[in-house]
Amino acid sequence: MGRVRGFDVEEALDVALELFWQQGYEGTPIQALCREMGLQPGSVYAAFGSKRDLFVAALRRYAGTVSDEAVARINGAPSGLQGLREYFDHLIDAMVDGKRAWGCLITNSLVEFAGRDPELAAMFQVHLARLQTSFAAALARARAEGQLRPGIGPESAGMLVAVVQGMNVMAKGRPGRRALQDVADATLTGLAARPARE
């Protein structure tokens, strides 16, 4: 029978996730991870494997929590355009007052690794593809509801992903709510149908 661990693996993983999110992979030495997790290196290696294995676990946890919440927000709104608006409003709130002030862990990691690690690159692409699929579904709903300008539809989902990626990078410079809101407003206004004239 294996030895029972004397710590909560999920809690330790959450601590590691936050450190990687704030400081990046290279900027987070294993000693800092062990100190903040309150664990000896042997316990970390026994529970998670290498530092890279711990990082991959943190990325998966991030995708399974932060990203799931974002996708649910898009898909759960009464209309397609409202789903997009709620997503961007929540994103901006998190960038100004929450942990997204550190940017997005996936975006930060994509920039940091820049094609050096094919396995991680595949994880990043799955994340971005999932977001793009959710945007495309919301845009399809919005078009069916007559909320979009002519020529706008699911094919604009890639542009929305690019806008979000840009906002994630902006957030790390703490530009303030107004600057982030201006980007979101301009993006959504560019998609929306113009009101009918009286």
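Applying the side-chain contact (heavy atoms from CB on, under 4.5 Å) test between Asn168 and each of Leu110, Val111, Leu105, Leu91 identifies Leu91 as the sole match.
In this structure, Arg61 and Glu10 have side chains that are in contact, with non-hydrogen atoms separated by less than 4.5 Å.
Nearest heavy-atom pair across Ser109 and Phe124 is CB-CZ, 3.5 Å. A pairwise comparison of heavy atoms in Ala77 and Glu86 identifies CB-OE1, 4.0 Å as the closest pair. The shortest heavy-atom contact between Leu191 and Leu139 is CD1-CD2, 4.0 Å. Of all heavy-atom pairs between Gly80 and Gln147, the closest is N-OE1, 3.9 Å.
Between Phe135 and Phe88, the ring planes are parallel. Angles under 30° get that label, and only those over 60° would be called perpendicular.
Taking the ring centroids of Phe20 and Tyr62, they lie at or beyond the 6.0 Å cut-off.
Hydrophobic clustering keeps Val163 apart from Val169 (ILVMFWY residues linked when any side-chain heavy atoms are closer than 4.5 Å, directly or through intermediates).
Within the structure, every pair that satisfies the salt bridge (Lys or Arg N to Asp or Glu O under 4.0 Å) test and touches residues 40-56, not counting sequence neighbours, is listed here: Arg52-Asp117, Arg52-Glu119. Sorted by first and then second residue, the salt bridge (Lys or Arg N to Asp or Glu O under 4.0 Å) pairs with a member in residues 19-39 form an empty list; sequence neighbours excluded.
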Run the salt bridge (charged side-chain N to carboxylate O under 4.0 Å, His left out) test on Asp97 and Arg177 for me, step by step, so that the C-alpha distance in whole Å, both residues' side-chain angles and the decisive distance to 0.1 Å come before the verdict.
CA-CA 9 Å; Asp97 299 318; Arg177 182 178 295 275; 3.2 Å; yes
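By the side-chain hydrogen bond (donor to acceptor under 3.5 Å, both in side chains) test, Gln22 is found to be paired with no residue, residues two or more places apart in sequence or in another chain being considered.
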